Amino acid sequence: MKNTKRNKTTILPILMIFMIINLPRRTCSVSVVQFIFGDSLSDVGNNNYLTRSLARASLPWYGIDFGNGMPNGRFTNGRTIADIVGDYMGLPRPPAFLDPSLNDDMILENGVNYASGGGGILNETSSLFIQRFSLSKQIELFQGTQEMIRMKIGPESADKFFSQARYVVCMGSNDYINNYLLPVYADSWTYTGDSFTNYVISTLDSQLRLLYALGARKVAFFGLGPMGCIPLQRLMSSDGNCRESTNKLSKGFNKAALQLLNNLTNILPNSSFVFGDAYDYFQDIIDQPGKTWFQ
């Protein structure tokens, strides 16, 4: 793995993403927190508070290997990717933005997780779920968080707090799975695969620039995994195997996202936009299902 300064964004497998924030394992200052933006891969409970949402992790098998074994808002049996990365770094787990107990002291100590199951880079993505937070909405909520912290500790201290924080963005799969690949959405018959990816990347460009303008300096963006291998896509294939046409979309998005992150790192002063390679990592899990991947 090659780590090049300023002229090339680092490509990292998921378990090595801790290197991007330049902190030794388990020794970070409590003043350094995470702000998480994402979809169901990172949601820690926001959608459970959206009472009209059709994407809620409230069924019995969610959480069976986490905490008390009951559903906790995570779309998984255990920890999310954001949990795993944060735990490995020794960073506190950010609570869900909609957690009723969230207050300014908790934000200063733990950060915030705005991730929402079904959320997409595009506002129109997953509209069939009725309620979910798109990336633009999540950034809007982050702006409200900033105002709260400025009132708490003052503008100068707040600017330092947000510039030292770590930012994780894990989004994009819903823009394909719950938008472009479903004919009920206008985007599915308005764009080709390549032009849709350009549309998504252009939107992401504006959103990441806004995060930078709001003080984000260390940003990790996770690329897409092999979307053609998820159960829904296999079900839609003729032989039950991975749909290569969908996996091709993942690869095209990842390539464009990496180019975008390279560009942002080069042109935005004191910034570090890092690409987390989810595709190869999850392909390895599919190819070697019996291996123990997370400890």
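Residue indices begin at 1 and follow the sequence shown. Excluded from the calculations below are hydrogen atoms, water molecules and symmetry mates; all remaining heavy atoms, backbone and side chain alike, are included. Because the structure is predicted, anything quoted here is derived from the model rather than measured.
- Between Leu261 and the choices Val219, Leu208, Leu204, the side chain to side chain contact (heavy atoms under 4.5 Å, CB included) rule is met once, by Leu208.
- Comment: Asp39 does not engage Arg132 in a salt bridge, judged by the lack of any side-chain N to carboxylate O separation of less than 4.0 angstrom.
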Apply side-chain hydrogen bond (donor to acceptor under 3.5 Å, both in side chains) to Asn46 and Ser116, showing your working. CA-CA 6 Å; Asn46 282 310; Ser116 173; over 6 Å; no
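- For the pair Asp159 and Arg150, the salt-bridge criterion is met [side-chain N within less than 4.0 Å of a carboxylate O].
- No hydrogens or angles considered: nothing links the side chains of Gln259 and Asn263 as a donor-acceptor pair under 3.5 Å.
- Residues in residues 185-206 take part in these salt bridge (charged side-chain N to carboxylate O under 4.0 Å, His left out) pairs, two or more places apart or across chains: Asp205-Arg209.
- Residues Tyr180 and Val184 are members of separate hydrophobic clusters, defined by side-chain heavy-atom contacts under 4.5 angstrom among Ile, Leu, Val, Met, Phe, Trp and Tyr.
- Under 4.0 Å is where a charged nitrogen must lie from a carboxylate oxygen, and between Arg79 and Asp65 no such pair does.
- Remark: the Asn103 side chain and the Asp105 side chain contain no N/O donor-acceptor pair separated by less than 3.5 Å.
- With hydrogens and angles ignored, the 3.5 Å screen pairs no side-chain donor or acceptor of Gln34 with any backbone N or O of Val112.
- Of the options Thr125, Ile230, Leu224, a side chain to side chain contact (heavy atoms under 4.5 Å, CB included) to Ser173 is made by Leu224 and by none of the others.
- Residues forming a ring-ring contact (aromatic ring centres under 6.0 Å, His included) with Phe97 (at least two apart in sequence, or on another chain): Tyr114.
- Using a 4.5 Å cut-off between side-chain heavy atoms of Ile, Leu, Val, Met, Phe, Trp and Tyr, with links allowed through other members, Phe273 and Phe142 fall into the same hydrophobic cluster.
- The aromatic rings of Phe161 and Phe35 sit perpendicular, their planes meeting at an angle over 60°, well past the 30° parallel limit.
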Which atom pairs, one a donor and one an acceptor, fall under 3.5 Å between side chains of residues 52-61 and the rest of the protein, sequence neighbours left out?
unit_1 : atom_1 : unit_2 : atom_2 : d
Ser53  : OG     : Ala55  : N      : 3.0
Ser53  : OG     : Ala55  : O      : 3.3
Ser53  : OG     : Gln131 : O      : 2.9
Arg56  : NH2    : Asn48  : O      : 3.0

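- Using a 4.5 Å heavy-atom cutoff, the side chains of Asn77 and Phe66 are not in contact.
- One hydrophobic cluster holds both Leu260 and Leu211 under the rule that ILVMFWY side chains link at heavy-atom gaps under 4.5 Å.
- Within the 4.5 Å cutoff, the side chain of Tyr185 has heavy atoms near those of the Leu128 side chain.
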side-chain hydrogen bond (donor to acceptor under 3.5 Å, both in side chains) assessment of Tyr191 paired with Thr197: CA-CA 9 Å; Tyr191 297 95; Thr197 293; over 6 Å; no
